[in-house]
Amino acid sequence: MALLNKALLALVGVLLAIYFYAGKEEFQPEMLKGKRVIVTGASSGIGEQMAYHLAKMGSHVVITARTEVRLKKVVEKCRKLGAASAYYIPGSMDNITFAKYVVQEAERLFGGLDMLILNHIGYTYFNFFDGDVAHIRNLLEINFLSYVAMTVEALPMLKASGGNIVVVSSLAGKVGLPLSVPYSTTKFALDGFFSSLRMEFYHQKINVSITLCVLSYIDTDTAVNTVSHVIQQPAAPKEECALEIIKGGALRQREVYYQYYATKFVMLFRDWAPEFLEHLLLKNYNVEALDKKQE
Ligand SMILES: NC(=O)c1ccc[n+]([C@@H]2O[C@H](COP(=O)([O-])OP(=O)(O)OC[C@H]3O[C@@H](n4cnc5c(N)ncnc54)[C@H](OP(=O)(O)O)[C@@H]3O)[C@@H](O)[C@H]2O)c1
Ligand SMILES: *[C@@H]1O[C@H](CO)[C@@H](O)[C@H](O)[C@H]1NC(C)=O
Ligand SMILES: *[C@@H]1O[C@H](CO)[C@@H](O)[C@H](O)[C@H]1NC(C)=O
């Protein structure tokens, strides 16, 4: 009897393994070779690292952000790393005309598009909500509406190529976190828009994948300078993070969780033990350090 149980257990294990891994495509860097990609917010941080990975894989890239001098340097490095071609377009994403213009320029340069990576975010404060409604509106324009506008503009090209939309979000776009009310608001909006749109694509048999990326704390200069005095948790490497985002997009995954355990487990707690999660998260914040920095 004991033997039979063990055999049954082993069988269930094998079946589960087959269920989870069967037919799952593995990532190959060649998947990105010759692909035409837009990366927004690529003058620094994770976006910059994504541009370098894509360059090494032999993609055509258009990058954008506001700071032209930085974009120029990133493009030069992309060319050295092996990009099939690399261009930059400077401008601000609080201008919806500009957001659409970036897509139009990519069409002019490449004649089509395979992947749209939406990654930029506007400046916001890391502190208690200050009641500034105009700031929320402005941040929604940069972090959310420009994503919508670029998606609408790029959709005909992405339909033609069976391409990918990759949306960089955050744990703060899945769980409410203190000290980042405006930011969290804009990231939740992305989930609402893109998860709903994905369902419509399935129904309409539109072969464009949507990948929402849920990131934990990553070691970019901006993040470390903004939150390291308050958040007591090591930051994950931006290079690896950038690669995981590209992999998820190329494999047409619904969502990417990076770092996996720092984000995926939080989802479990969010749904099954929210009060416990809130308790844990608050313990992770050294709010007194925030008060000290302001003095
Ligand atoms: N780092 C983390 O801990 C972390 C955690 C979770 C999620 N994420 C997400 O990861 C993504 C990248 O973050 P990051 O840490 O790499 O930030 P980052 O280094 O500050 O990069 C932000 C990018 O957006 C650009 N940008 C800023 N304001 C803009 C505007 N008004 N119009 C157009 N572009 C603008 C910046 O360039 P310019 O200033 O030159 O315009 C820069 O290229 C974001 O979506 C963020 O929410 C990051
Ligand atoms: C918005 O972007 C468009 C396209 O790049 C540009 O022509 C226009 O001058 C920009 N508007 C502002 C207010 O910067
Ligand atoms: C969707 O597009 C991808 C990439 O072009 C392709 O590999 C896949 O076969 C397409 N699927 C369908 C159902 O057309």
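Atoms considered below: every heavy atom in the structure, side chains included; atoms not considered: hydrogens, waters and symmetry mates. The residues of the chain are indexed from 1 along the displayed sequence. Read the numbers this way: they start at 1 and go in the same order the structure lists the ligands and their atoms.
Apart from L282 itself, the hydrophobic cluster it occupies contains nothing, where clustering links Ile, Leu, Val, Met, Phe, Trp and Tyr at side-chain heavy-atom distances under 4.5 Å. Within the hydrophobic cluster formed by Ile, Leu, Val, Met, Phe, Trp and Tyr side chains joined at under 4.5 Å, directly or through other members, L11 is accompanied by L15.
Contacts between Y101 and ligand 2 below 4.0 angstrom, taking non-hydrogen atoms only, involve the side chain exclusively.
Classified by interplanar angle (parallel below 30°, tilted 30° to 60°, perpendicular above 60°), the ring pair F98/Y101 is tilted. Between F144 and F193, the ring planes are perpendicular. Angles over 60° get that label, and only those under 30° would be called parallel.
Close approach of ligand 2 to N95 is summarised as follows: ligand atoms under 4.0 Å from at least one heavy atom of the residue are 1 (C), 2 (O), 3 (C), 8 (C), 10 (C), 11 (N), 12 (C), 14 (O).
Side-chain atoms of S184 come within 3.5 Å of backbone atoms of A172 as a donor-acceptor pair (strictly under, hydrogens ignored). Between the side chain of D219 and the main chain of K238, a donor-acceptor pair closer than 3.5 Å is present. Using modelled atom types, one side-chain atom of R198 and one backbone atom of I210 make a donor-acceptor pair closer than 3.5 Å.
Under 4.0 Å from any atom of ligand 1, one finds heavy atoms of residues G41, A42, S43, S44, G45, I46, A65, R66, T67, G91, S92, M93, N119, H120, I121, G122, I142, V168, S169, S170, Y183, K187, L215, S216, Y217, I218, T220, T222, A223. The residues lining ligand 3, counting any heavy atom closer than 4.0 Å, are S161, G162, N207, R252.
Distance check, rounded to the nearest 0.5 Å: CD1 of I63 to SG of C78 gives 5.5 Å.
No side-chain donor-acceptor contact under 3.5 Å links E239 and Y52.
Under the 4.0 Å criterion applied to side-chain N and carboxylate O atoms, E76 and R79 are not assigned as salt-bridge partners.
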